[in-house]
Number of protein chains: 2
Amino acid sequence: MSEKELRRSLSVLPIGTVMKLTDLTARQIRYYEQQDLVFPQRNDGNRRMYSLNDIDRLLEIKDYLDEGINIAGIKKIYEQQKRERQKRQSERERQLTDPDVRRILRDELMNLGGLGDYDQLHPGS
Amino acid sequence: MSEKELRRSLSVLPIGTVMKLTDLTARQIRYYEQQDLVFPQRNDGNRRMYSLNDIDRLLEIKDYLDEGINIAGIKKIYEQQKRERQKRQSERERQLTDPDVRRILRDELMNLGGLGDYDQLHPGS
DNA sequence: CTTCTCATGTCATGTTTTATAACATGAACC
DNA sequence: GGTTCATGTTATAAAACATGACATGAGAAG
């Protein structure tokens, strides 16, 4: 994952900030989550924490609703997009040879150590 | 201000998030503010809200401290940088003619209306 | 015209997070 | 030994948030 993608997916914004950035109420934001349209992280105190990607998603949902699409429809749209992504992904993987896969896996494992500290990756061990 | 600069200067992060991103304690973050090294915004409820620029600044402060520079020294460094910026800025302005200045001022005023709604710019009026 | 559903509003209650101020402390320095 | 600096710790109050329940207005369906 690129640096930019990583920053966009960091869950750092509380719901109050999200309200201001999206002009949605807390009720709406939580409702969309209940309908499985957004998936905020939770911090240690059970508070919802949102990423910039989540913001984009919420603004998108707002647009769809403004267009008259209901939540069931929006859900279908996202399911469709998810299927598309998975298809492209498996297609990419299909074109990799076995040595490729092993090399990629090894590289990913080598990278793990640099992303956080050991305790965070292995809590209580 | 460019779109990117604007995003980096949006005060959207609560102190808890800043603690995790910078690995500083709340005590440290507030102390650096007390020493005029960072200037977080406050929200309606008097909570400090930080921007990405603030995060950078805090990480920088941490580095300076790790290098053995004390807060008085860090303050001097930032004052110096500020003077440099002001000098370059006034140099740029000096090269503008009076009509230039008037045009720029007018353009900035014209842009104000598009950035927020009227009530926000003129609360209670 | 009633009934139902959907998206959202509102309210009550409990927990978490933050602000502020005060006192405490360890290291470095004189 | 006494000061200063950067930070820790604690107490107290206020703000923000989570959850769950009940309310509601608009539209669809009967």
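Proteins come first, then strands; the chains are lettered A, B, ... in the order of their sequence lines, and each starts at number 1. Predicted, not measured: the structure shown is a model, and the values here were computed from it.
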Look at [X] and [N] and indicate whether a side-chain polar atom (N or O) is within less than 4.0 Å of OP1 or OP2.
| X | N | result |
| --- | --- | --- |
| Tyr31(A) | dT8(C) | no |
| Arg30(B) | dA19(C) | yes |
| Tyr32(B) | dT7(D) | yes |

Could you state the atom-to-atom distance from [atom1] of [X] to [atom2] of [N] in whole Å?
| X | N | atom1 | atom2 | result |
| --- | --- | --- | --- | --- |
| Tyr50(A) | dA16(D) | OH | C1' | 13 Å |
| Lys62(A) | dA7(C) | NZ | C1' | 15 Å |
| Asn70(B) | dC29(C) | CG | P | 11 Å |
| Leu24(B) | dT7(D) | CG | P | 8 Å |
| Glu33(B) | dA6(D) | CD | P | 16 Å |
| Tyr64(A) | dC6(C) | OH | C1' | 20 Å |
| Ile61(B) | dT7(D) | CD1 | C1' | 15 Å |
| Leu37(A) | dC6(C) | CG | C1' | 13 Å |

- Contacts to DNA chain C from residues 39-49 of chain A, heavy-atom cutoff under 4.0 Å, which residues? Asn43(A), Gly45(A), Arg47(A)
Counting heavy atoms from C-beta on, name the nucleotide in [options] closest to the side chain of [X].
| X | options | value |
| --- | --- | --- |
| Gln28(B) | dT7(D), dA19(C), dT8(C) | dT7(D) |
| Arg27(B) | dC17(D), dG8(D), dA6(D) | dG8(D) |
| Thr25(B) | dA18(D), dG8(D), dG9(C) | dG8(D) |

- Query: Taking C-beta and beyond as the side chain, do Tyr64(A) and Tyr78(A) meet within less than 4.5 Å on heavy atoms?
  - Reply: yes
- Heavy-atom pair with the smallest gap, counting every atom of Thr22(B) and Lys62(B): O-NZ, 3.2 Å
- Over all heavy atoms of both residues, which pair between Met49(A) and Asp54(A) is shortest? Give the atoms and the distance, please.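 Taking every non-hydrogen atom into account, O-OD2, 4.3 Å.
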- Query: Can a salt bridge be assigned to the pair Glu79(A) and Lys76(A) using a cut-off of 4.0 Å between side-chain N and carboxylate O?
  - Reply: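 Yes, Glu79(A) and Lys76(A) are salt-bridged.
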- Message: When you compare the side chains of Asn46(A) and Arg42(A), does any donor N or O come within less than 3.5 Å of an acceptor on the partner?
- Response: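 Side chains of Asn46(A) and Arg42(A): pair found under 3.5 Å.
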- To the nearest 0.5 Å, tell me how far Met19(A) CE sits from Gln28(A) CD. 9.0 Å
- Task: Check whether Ile55(B) and Leu6(B) end up in the same hydrophobic cluster, where Ile, Leu, Val, Met, Phe, Trp and Tyr are linked by side-chain heavy atoms less than 4.5 Å apart.
- Result: yes
- Query: Hey, which of these two, Gln35(B) or Met19(A), hits DNA chain D nearer its 5' end, going by closest nucleotide?
  - Reply: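 The residue mapped nearer the 5' terminus is Gln35(B).
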